[in-house]
Amino acid sequence: MSLDASHTEPRPERLTAHEARQRLEHARSTRLTQLRALHESAQSADDQLLSAQQAAIERVLKEIDDAFGRVDAGTYGTCLACAKPVPAERLEILPYTRFCVACQRRTTV
């Protein structure tokens with residue numbers, strides 16, 4: 001019997017609300033840990049760099065909070081631009097994403 005992951009059951013196209021919340025909680029916890037580490041190193045770091053890193057982490061925390069709202073509203077995992085499902089693989093990597101890959105590319109161009 002092989003342990004090759006490619007022979008396991010296919011993943012569902014959509015995450016359950018429970019799975020989504022778990023992934024979002026993990027992402028939030030990770031970002032809060034990063035923010036605490038930045039504050040602890042603030043005495044020896046460049047203020048401008050520290051401010052930029054802190055702002056970036058705070059933006060992601062806001063996106064995570066918004067994603068929790070989408071879970072509550074039942075729209076989590078649906079692209080806000082095209083209304084198609086965001087692939088589960090993308091949500092595994094970026095659980096707080098608002099867009100599918102194609103729409104994300106269009107919003108950043």
Side-chain angles (χ1 to χ4, degrees):
M1 182 168 134
S2 172
L3 295 177
D4 184 4
S6 64
H7 296 294
T8 60
E9 292 181 31
R11 292 185 200 131
E13 288 190 28
R14 299 189 67 114
L15 297 175
T16 66
H18 177 72
E19 290 169 327
R21 286 184 182 286
Q22 283 182 318
R23 291 177 194 275
L24 290 168
E25 286 292 346
H26 180 353
R28 178 189 282 160
S29 174
T30 300
R31 294 320 180 284
L32 289 172
T33 299
Q34 291 171 338
L35 203 53
R36 280 191 294 275
L38 278 177
H39 288 297
E40 290 172 5
S41 66
Q43 298 165 353
S44 62
D46 176 15
D47 286 339
Q48 191 173 16
L49 176 61
L50 181 67
S51 293
Q53 289 174 325
Q54 182 175 340
I57 292 170
E58 288 172 351
R59 275 193 304 276
V60 171
L61 286 168
K62 168 84 170 82
E63 290 181 37
I64 291 169
D65 286 342
D66 291 347
F68 274 112
R70 291 191 300 277
V71 171
D72 293 340
T75 60
Y76 179 83
T78 301
C79 177
L80 296 182
C82 69
K84 293 180 182 174
V86 176
E89 292 83 5
R90 179 161 171 79
L91 292 170
E92 286 179 22
I93 296 166
L94 288 172
Y96 48 86
T97 191
R98 297 173 290 159
F99 303 108
C100 66
V101 173
C103 291
Q104 181 70 53
R105 285 187 184 136
R106 283 188 283 256
T107 62
T108 57
V109 173

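In what follows, every heavy atom counts, from backbone to side chain, and hydrogens, waters and symmetry copies are set aside.
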Query raised in the report: To the nearest 0.5 Å, what is the distance between CD (Q53) and CD (E58)?
Result: 12.0 Å

Requested in this report: First locate atom CD of Q54, then atom CG of L49, and finally report the distance between them rounded to the nearest 0.5 Å.
Outcome: 11.5 Å

Report summary line: Heavy-atom nearest pair, R90 first then C100, reads NE-C, 3.8 Å

For residues 62-70, which side-chain donor-acceptor pairs fall under 3.5 Å, sequence neighbours excluded?
{"from": "K62", "atom 1": "NZ", "to": "D66", "atom 2": "OD1", "distance (Å)": "2.8"}
{"from": "K62", "atom 1": "NZ", "to": "D66", "atom 2": "OD2", "distance (Å)": "3.1"}
{"from": "D65", "atom 1": "OD1", "to": "R28", "atom 2": "NH2", "distance (Å)": "2.7"}
{"from": "R70", "atom 1": "NH2", "to": "Y96", "atom 2": "O", "distance (Å)": "3.0"}
{"from": "R70", "atom 1": "NH2", "to": "T97", "atom 2": "O", "distance (Å)": "3.3"}

Between side-chain atoms of residues 80-88 and protein atoms elsewhere (two or more places apart, or another chain), which donor-acceptor pairs fall under 3.5 Å?
none

Requested in this report: To the nearest 0.5 Å, tell me how far E19 CD sits from L24 CG.
Outcome: 11.5 Å

Report task. Say whether Q22 and H26, considering side chains only, have a donor N or O and an acceptor N or O under 3.5 Å apart. Result -> no

Report task. Quick one: closest heavy-atom pair of V71 and A17, and the distance? Result -> CG1-CB, 4.0 Å

Report summary line: Between F99 and the options T78, T107, L94, the side-chain contact (heavy atoms from CB on, under 4.5 Å) test singles out T107

Query raised in the report: Taking the side chain as C-beta and beyond, is there a heavy-atom pair between R31 and Q34 under 4.5 Å?
Result: yes

Requested in this report: Examine L32 and L50 and state if one hydrophobic cluster contains both, with Ile, Leu, Val, Met, Phe, Trp and Tyr joined whenever side-chain heavy atoms are less than 4.5 Å apart.
Outcome: yes

**Report entry** Side-chain donor or acceptor of S29 paired with backbone N/O of E25 under 3.5 Å
**Finding:** no

